[in-house]
Amino acid sequence: MEYLKQRIRDVYDFPKKGIVFKDLTTLFKDPRGLHIIGWDLSQLYRDKGVTKVVGIESRGFIGGSILAFELGAGFVPVRKPGKLPADTIQASYDKEYGKDVIEIHRDAITPDDIVVLHDDVLATGGTMAAAYELVKSMNPKKIYINFIIELSALNGRAVLPADAEVTSLITY
Ligand SMILES: Nc1ncnc2cc[nH]c12
């Protein structure tokens with residue numbers, strides 16, 4: 001884990017004063033770092049029969065795609081409104097200023113699926129909680145929730161469903 005942490009850049013006062021932004025681009029650009037991410041994430045779900053990995057736009061697409069590939073599962077994007085071409089279902093959630101909406105293709109998940117919902121960072125948890133409700137409405141067999149980083153001070157776990165197994169590789 002130290003190798004991963006050493007390659008995550010702290011950017012101060014981004015996107016606004018007082019925030020210490022955990023920049024994963026420096027980890028992703030390091031070949032060994034990217035390999036370790038794929039290996040460590042997949043080890044969490046190796047024996048779970050995962051059939052789909054759902055990545056949340058956009059930084060969830062990177063780790064989500066790698067995880068899906070490592071597990072031999074499909075990858076499904078959760079996107080901002082108006083981006084997905086076919087019939088979608090959507091969920092809205094409160095952001096710091098106003099509401100945000102996310103969408104998924106209506107036919108992306110079936111009751112036969114075992115799903116990992118992935119995003120890069122667990123902060124307040126609002127986006128993931130909405131994405132979980134979206135995927136849950138499609139009645140898969142099981143939903144796991146996963147992050148690369150968890151910012152424990154923001155207590156995002158408190159807004160995530162109690163029955164979901166939540167994992168992260170690195171906790172700050
Ligand atoms: N401090 C932070 N670093 C990276 N991503 C996010 C997302 C919310 N807070 C963040």
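Residue numbers run from 1 in the order of the sequence given. Counting starts at 1 for both ligands and their atoms, in listed order.
Annotation: atom 1 (N) of ligand 1 to nearest protein heavy atom, V20 O, 3.0 Å. Closest protein heavy atom to atom 10 (C) of ligand 1: L151 CD1, 3.7 Å. Of all protein heavy atoms, the one lying nearest to atom 3 (N) of ligand 1 is K22 N, 2.8 Å.
Not one N or O of A123 is nearer than 3.5 Å to an N or O of ligand 1, by distance alone.
With respect to K22 and D10, a salt bridge is recorded, a charged nitrogen being found less than 4.0 Å from a carboxylate O.
Residue Y3 places its OH atom among more than 12 non-hydrogen atoms of other residues, nucleotides or ligands, all under 6.0 Å distant.
Nearest heavy-atom pair, G82 versus E103, reported as atom, atom and distance to 0.1 Å: N-OE1, 3.4 Å.
For the pair R79 and S58, the minimum side-chain heavy-atom distance is 4.5 Å or more.
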